[in-house]
Amino acid sequence: MKRSITLIITLLAAASSAFAQVRVSTPNVEMVLKAEKGGDLQIRYFGGRLSDADVENIGAAGASHHSAYRAYGLSGASEASLGVTHADGNMSTSLKVESVDRTEEASAEVVRIRMKDTVYPFYVTVCYRAYKDVDMIETWTEIENQGKKPVTLTRFDSGSLPIRVGDVWMSHLHGTWAAEGRLVQEPLERGMMVIKNKDGSRNSHTDHSEVMFSLDGKPQENVGRVIGAALCYSGNYELRIDTRDTDYHEFYAGINPDNSAYILEPKEIFRTPELALTYSDEGLSGASRNFHRWGRKYKLAHGDRVRKILLNSWEGVYFNINEPGMDQMMADIASMGGELFVMDDGWFGVKYPRLTDNCALGDWVVDRNKLPNGIGWLVEQAHKHGIRFGIWIEPEMTNTTSELFEKHPDWVIKAPERDLVTGRGGTQLVLDLANPEVQDFLFSVVDDLMTENPEIDYIKWDANMPISNHGSQYLSKDRQSHLYIEYHRGFAKVCDRIRAKYPDLTIQACASGGGRANWGVLPWFDEFWVSDNTDALQRVYMQWGTSYFFPAIAMASHISATPNHTVFRTTSLKYRIDVAMSGRLGMEIQPKNMTDEEKALCRNAIAEYKDIRHVVQFGDIYRLVSPYDGHNMASLMYVEPDKSEAVFYWWKTETFYDDHLPRVKMAGLDPSKRYTVHELNRIDNVPLPYEGKSFSGSFLMENGLEIPVKHIVDYHKQDDWSSRVLYLTTE
Ligand code: GLA
């Protein structure tokens with residue numbers, strides 16, 4: 001039950017300062033706002049928790065006067081969070097504080113600051129949710145038109161933050177298909193920096209909507225003050241950092257307003273997506289831990305549930321789905337200790353059998369030529385093998401060659417008067433999720449599958465096409481600019497319905513790989529596919545970047561065949577295992593083509609992963625040496641919150657003779673505890689010299705352990721790959 005307490009602005013130090021201060025705080029993070037009735041709402045401070053006395057004197061120390069939600073039209077060249085064209089054509093808005101309200105939730109406090117335009121019946125409520133047990137403050141706004149006529153919103157950010165100018169560096173993720181999550185780190189200079197997404201349907205292939213700001217110079221993993229921000233939204237977004245002639249970088253984040261002017265009807269409330277803000281004085285890894293703890297507890301579907309080890313059929317057989325083949329893969333993964341088999345693309349289509357990628361999306365009926373006994377038989381077989389069954393769908397899409405499109409040509413996104421713009425296979429189209437009939441159809445795709453086969457345990461939900469032509473055949477001609485926003489409202493409605501009926505189903509967000517790694521998606525999804533690129537070396541880089549904002553439990557990471565199908569690199573199986581084991585372990589390979597020795601290695605890895613997965617999936621991350629720093633190796637570790645166990649990963653990323661790799665200092669351990677070292681996935685003929693030995697946490701954090709640059713294996717087994725996984729346990 002929510003308890004609502006109306007608070008009439010906390011007046012702190014009324015005598016010495018003329019403004020009313022509102023504190024929004026988590027255990028270690030604090031925001032201080034100035035919210036004087038009739039005045040501008042300002043952010044005075046964002047950082048670590050302050051004492052009452054320091055809050056009282058914050059103005060005297062010199063604090064920001066940044067408008068928490070500046071509206072366009074009366075503040076010159078300043079960047080605005082909100083743009084409104086009122087019914088009479090007035091493009092200016094002037095918002096002044098009316099009230100401050102605090103609401104208690106079970107795990108958080110919500111502060112709502114309501115502002116009103118000085119002339120029009122137009123309101124904006126700036127909201128902050130401060131968690132009691134994790135260091136995250138979510139902010140969003142509710143924009144409300146109480147006038148008699150519609151107004152047009154031309155910008156509608158979720159929130160903003162001032163960041164004091166200094167030696168501030170920004171870390172953010174950039175990429176493309178098969179190269180997602182590439183870390184970019186750069187100093188913030190003067191001028192405007194904009195990161196935006198325009199894909200329409202997915203939003204994390206290219207740039208991500210999350211950033212970190214290191215406040216003390218060049219970013220460091222385990223020391224220094226860091227602000228982290230993540231816009232939780234599945235659609236187009238825009239992040240701006242404006243640095244003009246003031247002492248502050250101004251950070252703004254929200255839905256991308258490009259081609260998205262929004263007509264707000266009388267009495268309608270436009271709720272912007274949440275912007276999650278955190279702060280840590282323990283470096284980038286500290287900010288990551290804050291995102292991971294908050295994400296697992298309050299965002300990610302089933303963030304407290306251990307993930308199963310699976311085999312996905314895609315890279316093993318592609319579209320060559322058939323009954324004996326599926327059965328063989330199920331038997332193989334079961335024999336290696338896996339817990340789930342996922343049948344990927346290629347199982348459906350009657351009039352247009354899905355033999356390749358140019359047809360049948362939307363025709364979610366099993367192809368009996370390939371699978372005469374249907375899905376039910378496969379589910380039963382999986383159970384006979386002692387594993388669970390999962391299946392691939394791509395419900396938001398269709399093809400010109402499909403029965404669905406033949407029946408409902410009006411359901412696809414298409415610009416009026418123009419030819420269709422097609423995607424994958426030369427025939428793919430995006431369904432118009434603004435249309436409630438399309439929403440019902442999407443729900444029925446999952447509902448029908450689950451009704452017929454209630455034992456389906458896992459769904460891989462793919463989305464392989466951007467919105468490539470602007471036009472909704474459902475929205476009226478004066479609402480075409482609502483397309484991007486309505487698409488994602490439709491997506492949310494469908495996902496809500498699915499989750500209401502199937503709360504326990506595991507669902508993966510895949511979108512041509514990592515197109516849907518975003519906290520706005522994950523409340524309905526258990527994990528995401530990091531990338532279609534399964535090359536272990538490139539995965540070290542991609543997973544490193546992705547781990548800035550997302551926990552290992554959500555990062556699907558699979559062992560695949562060599563040469564890799566995307567980059568054609570040949571890595572050792574040991575290396576592929578050691579990389580995949582740092583996320584949610586799975587396999588994406590044809591086991592039939594593996595030797596007995598390879599299978600044995602995987603069987604052992606799966607067994608060992610079961611021993612450590614609680615640490616990987618629920619532990620605290622400490623990144624130690626970045627692959628991006630040019631040391632020819634990378635290393636990170638996960639530590640149990642009570643520091644009783646840890647898993648240390650070390651991957652060589654380049655091989656040169658006479659190369660002297662750094663000795664890696666560990667982090668996050670209890671200095672006074674003694675940790676016993678045990679190597680996992682061992683391939684060497686002799687154990688490491690410290691196998692079974694114990695060391696104090698302080699020794700491991702001050703000195704670390706020497707990691708041999710190569711493996712001691714028989715001559716014919718030598719290669720240029722080297723990696724180690726060490727499991728550290730206490731008594
Ligand atoms: C996308 C996904 C892949 C696979 C294929 C199937 O590319 O990212 O993992 O499912 O679709 O067509």
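Predicted model only: the values in this text are computed from it and were never measured. Below, each value reflects all heavy atoms present in this structure, side chains not excepted, and no hydrogens, waters or symmetry copies. Remember, it's 1-based here, ligands and their atoms both numbered in the order they're listed.
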Closest heavy-atom approach to atom 5 (C) of ligand 1 among Trp314, Trp177, Tyr318 is made by Trp314

Could you name the option among Asn312, Asp462, Leu361 that has the heavy atom nearest to atom 1 (C) of ligand 1? Asp462

Can you name the atoms of ligand 1, numbered from 1 with element, that are less than 4.0 Å from a heavy atom of Trp529? 8 (O), 9 (O)

Nearest neighbour of atom 6 (C) of ligand 1 from the list Thr534, Asp345, Asn464, on a heavy-atom basis: Asp345

By the definition side-chain contact (heavy atoms from CB on, under 4.5 Å), identify the one residue from Val445, Val446, Ile498 that meets it with Ile459. Val446

Please identify which atoms of ligand 1 are closer than 4.0 Å to at least one heavy atom of Cys510. 2 (C), 8 (O)

Centres of the Phe319 and Trp314 rings: under 6.0 Å? yes

Protein residue, atom and distance nearest to atom 9 (O) of ligand 1, heavy-atom basis: Lys460 NZ, 2.7 Å

May I ask you to check whether His383 and Phe389 place their ring centres under 6.0 Å from each other? no

For atom 8 (O) of ligand 1, closest protein heavy-atom neighbour: Asp532 OD1, 2.5 Å

For ligand 1, which atoms sit closer than 4.0 Å to a heavy atom of Ser512? 8 (O)

Close approach of Asp357 to ligand 1, heavy atoms, under 4.0 angstrom: no

Parallel under 30°, tilted from 30 to 60°, perpendicular over 60°: which one fits the rings of Tyr638 and Tyr649? perpendicular

Tell me whether the rings of His558 and Trp529 are parallel (<30°), tilted (30 to 60°) or perpendicular (>60°). tilted

Between Asp327 and Gln381, is there a side-chain donor-acceptor contact under 3.5 Å, judged purely by atom types and distance? yes

So among Asp496, Asp447, Asp448, which one has a salt bridge (Lys or Arg N to Asp or Glu O under 4.0 Å) with Lys501? Asp447

Need the ligand 1 atom indices (1-based, order shown) with element for anything under 4.0 Å from a heavy-atom of Asp344. 4 (C), 6 (C), 10 (O)

Phe550 vs Trp519, test: ring-ring contact (aromatic ring centres under 6.0 Å, His included). Steps then yes/no. CA-CA 8 Å; Phe550 302 98; Trp519 285 114; 5.2 Å; yes

Contact between ligand 1 and Glu394 is defined here as a heavy atom of the residue under 4.0 Å from a ligand atom; is it met? no

Using a 4.0 Å heavy-atom threshold (strictly under), name the region of Glu588 that reaches ligand 1: side chain, backbone, both or neither. neither

